*Asks:* 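Below is a structure I'd like to ask you about.
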2 protein chains.
Amino acid sequence: MRDEDKQIIRRLGLFQDMDAARFDGLLNAAFLQRFPERVVLINEGEPSDFLHIVIDGMVELYATLDGRESTMTVLSPVSTFILAAVLKDAVYLMSARTRTAARVLMIPAKSVRDAMAEDDAFARSIVDELANCYRGVVRNQKNLKLRTSVERLASYLAHQYVRQGATGELTLQIDKKTLASMLGMTPENLSRSFSTLRRAGVEVNGPEITVRSLDELREIAHHAPLIDNFPNTVEHQQ
Amino acid sequence: MRDEDKQIIRRLGLFQDMDAARFDGLLNAAFLQRFPERVVLINEGEPSDFLHIVIDGMVELYATLDGRESTMTVLSPVSTFILAAVLKDAVYLMSARTRTAARVLMIPAKSVRDAMAEDDAFARSIVDELANCYRGVVRNQKNLKLRTSVERLASYLAHQYVRQGATGELTLQIDKKTLASMLGMTPENLSRSFSTLRRAGVEVNGPEITVRSLDELREIAHHAPLIDNFPNTVEHQQ
DNA sequence: TCAATGTCTTGACATTTATCAAGGCGCACA
DNA sequence: TGTGCGCCTTGATAAATGTCAAGACATTGA
């Protein structure tokens with residue numbers, strides 16, 4: 001494992017207060033895997049063997065019920081996922097697969113639990129991380145229950161607009177089918193939602209989106225800090 | 001505060017490993033409030049002043065966006081809520097109000113944070129509690145995204161069926177308007193979903209429900225342990 | 001006792017969302 | 001250079017869900 005990657009991980013809120021020797025020990029037990037796109041990393045229902053950290057590439061968390069499937073979120077670097085399952089030594093509630101070629105750090109679950117048991121500072125960092133994740137899911141659920149699908153799309157675009165530098169142009173990081181599922185609608189519906197937003201100054205060219213006015217988008221979305229503001233760089237996580 | 005109530009709280013997973021003296025200190029700083037029904041305890045957006053614990057009665061957590069409102073969950077004793085906001089010293093993401101007359105223990109947020117900073121066992125109990133809550137919300141989100149409204153109702157009834165002793169009879173603990181909102185539908189829709197379930201042996205008499213067969217309900221709901229099983233007695237919490 | 005109120009249900013209808021089918025487009029690959 | 005394939009869009013239609021209005025019923029309080 002490259003020292004550069006080690007530094008990236010060390011800088012994560014989860015690890016930065018950890019005892020140095022223990023951090024090294026944890027990473028020694030871990031391994032950095034390279035995966036091609038569309039590889040399933042985790043199946044829901046399986047026991048949690050590893051804490052995963054996306055170092056590079058994009059990873060989708062999704063869930064299934066009978067034949068159905070729904071994208072819960074898409075993670076970009078650097079994000080941990082399935083922390084809660086690892087801590088509880090429980091089965092995964094979501095599945096995960098790569099969307100692009102990706103590098104994923106996998107830390108044995110037992111090592112994480114042991115580190116938490118021994119390192120008080122690490123235990124407190126975990127509290128902070130979990131609290132963040134928890135609040136992320138709550139925001140997500142509010143988004144789902146309080147907004148229509150067009151509003152969710154507008155809110156998503158407004159979020160990406162800011163995240164990608166507020167230039168008025170943004171690129172969808174994920175394909176539209178996955179985006180649709182993440183926003184809780186069908187691909188056909190997403191297409192139609194985009195057309196609805198055209199009259200609000202949203203132009204679509206494949207994955208390239210032009211936005212006339214952030215405020216207009218936010219008005220449509222009924223922008224609300226208690227749903228849309230992401231306090232840290234932390235994205236949605238399991 | 002009655003010693004009996006103290007014992008109840010002490011037995012919660014969150015507090016049972018805590019240093020005894022610190023537990024007493026925490027409770028001394030706290031106060032047990034009695035509220036009539038329909039009293040707003042918390043408004044979303046306000047800074048988190050207290051960790052709340054429902055000792056008696058029912059408390060609804062809900063969220064709003066512009067004029068809209070949605071019930072996130074309804075808590076019964078003994079449940080903590082808004083733990084994450086307290087730990088992060090952040091604003092509440094949800095509002096709370098009593099549904100019945102209720103007794104609520106309120107522990108000053110700063111006391112909780114101080115206790116976590118000083119008591120390592122308490123910090124680890126918090127990790128466990130947050131991980132539980134987190135997984136609860138994830139299950140909830142899967143429920144919302146993967147099931148139709150009739151299926152969500154069937155799943156709710158199946159859950160209550162078991163929870164209330166699997167006698168074939170159960171009583172709705174909350175009014176139907178709130179239940180509808182919690183399940184993500186309108187009251188009218190809930191009524192119609194109940195009629196749909198009639199052909200599956202569900203009889204409704206006001207809040208009294210008779211269920212012919214749990215399996216039948218579960219089949220309709222597409223029962224799945226990874227959504228519906230509640231590992232501990234812990235109910236949904238913030 | 002009766003009016004007033006709130007809850008729940010039902011019907012008619014509108015809107016939203018999903019499904020099915022077809023076709024355009026770009027891209028990989030033979 | 002096709003040719004197939006996957007992705008996306010569009011149209012037609014169906015299903016699910018929401019809205020509005022009315023009425024039944026129980027509860028409360030004057």
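Keep in mind the model is a prediction, meaning the values are calculated, not measured. In what follows, chains are A, B, ... by sequence order, proteins preceding strands, each numbered from 1. The figures here come from the full heavy-atom set of this structure, side chains too, leaving out hydrogens, waters and symmetry mates.
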*Asks:* Please tell me if A:Ser149 has a side-chain N or O lying less than 4.0 Å from either OP1 or OP2 of C:dT17.
*Replies:* yes

*Asks:* Would the distance check show the side chain of B:Arg147 and the main-chain N or O of B:Arg152 forming a donor-acceptor pair, the cut-off being under 3.5 Å?
*Replies:*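 No, the answer is negative, given that no donor and acceptor are paired below the 3.5 Å cut-off.
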
*Asks:* Provide, to the nearest angstrom, the distance between the CG atom belonging to B:Asp175 and the C1' atom belonging to D:dT27.
*Replies:*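 It is 15 Å, rounded to the nearest whole Å.
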
*Asks:* State whether A:Lys177 places a side-chain N or O below 4.0 Å from either non-bridging phosphate oxygen (OP1 or OP2) of D:dG6.
*Replies:*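 So the side chain of A:Lys177 is outside the cut-off, no N or O lying under 4.0 Å from OP1 or OP2 of D:dG6.
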
*Asks:* Would you mind telling me which residue lines up with the more 5' stretch of DNA chain C, A:Glu188 or A:Arg147, judged by nearest nucleotide?
*Replies:*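 First, find each residue's nearest nucleotide; the 5'-ward one identifies A:Arg147.
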
*Asks:* Looking only at side-chain atoms of B:Ser195, point me to the closest of D:dT9, C:dT17, C:dT10.
*Replies:* C:dT10

*Asks:* A:Ser191 side chain: which of D:dT10, C:dT10, C:dC8 is closest?
*Replies:* D:dT10

*Asks:* Check the distance between C:dG26's P and A:Glu208's CD and give it to me in whole angstrom.
*Replies:* 14 Å

*Asks:* Calculate the interatomic distance between B:Met185 atom CE and C:dT9 atom P; express it in whole Å.
*Replies:*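 To the nearest whole Å, that distance equals 12 Å.
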
*Asks:* Could you check whether B:Phe50 and B:Phe31 have their ring centres less than 6.0 Å apart?
*Replies:*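 When the ring centroids of B:Phe31 and B:Phe50 are compared, they turn out to be within the sub-6.0 Å range.
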
*Asks:* NA contact type, B:Arg38, heavy-atom cut-off 4.0 Å: base, sugar-phosphate, or nothing?
*Replies:* sugar-phosphate

*Asks:* In whole angstroms, how far is the C1' atom of C:dT19 from the CG atom of A:Leu190?
*Replies:* 16 Å

*Asks:* Is it the case that A:Glu60 and A:Thr178 place a side-chain donor and acceptor less than 3.5 Å from each other?
*Replies:* no

*Asks:* To 10°, what angle do the rotation axes through the five end pairs on each side of the helix from C:dT1-D:dA30 to C:dA30-D:dT1 form?
*Replies:* 30°

*Asks:* Between A:Thr171 and A:Glu208, is any side-chain donor less than 3.5 angstrom from a side-chain acceptor?
*Replies:* yes

*Asks:* When you get a sec, tell me which of C:dT9, C:dA18, D:dT17 is the closest nucleotide to the side chain of A:Asn189?
*Replies:* C:dA18

*Asks:* Taking CZ from B:Arg192 and P from D:dT19, how many angstroms apart are they, rounded to a whole number?
*Replies:*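 Roughly 12 Å, once rounded to whole Å.
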
*Asks:* Side chain of B:Thr186: nearest nucleotide among C:dA18, D:dT19, C:dT10?
*Replies:*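 In terms of side-chain proximity for B:Thr186, the closest of C:dA18, D:dT19, C:dT10 is D:dT19.
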
*Asks:* Separation of B:Leu153 atom CG from D:dA16 atom P, in whole Å?
*Replies:*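 Roughly 15 Å, once rounded to whole Å.
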
*Asks:* Indicate whether the side chain of A:Thr100 and that of A:Glu37 have a donor and an acceptor atom separated by less than 3.5 Å.
*Replies:* no

*Asks:* Provide, to the nearest angstrom, the distance between the CG atom belonging to B:Leu172 and the P atom belonging to C:dT7.
*Replies:* 15 Å

*Asks:* Distance check needed: D:dC7 C1' versus A:Asn205 CG, whole Å only.
*Replies:* 15 Å

*Asks:* Is a side-chain N or O of B:Asp228 found less than 3.5 angstrom from the main chain of B:Ala224, in a donor-acceptor match?
*Replies:* yes

*Asks:* So which atom in B:Arg97 and which in B:Val40 form the shortest heavy-atom distance, rounded to 0.1 Å?
*Replies:* CB-CA, 3.8 Å

*Asks:* Return the nearest nucleotide to the side chain of A:Val204; candidates are D:dT9, C:dT9, D:dC8.
*Replies:*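 My answer, after comparing the listed nucleotides, is D:dT9.
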
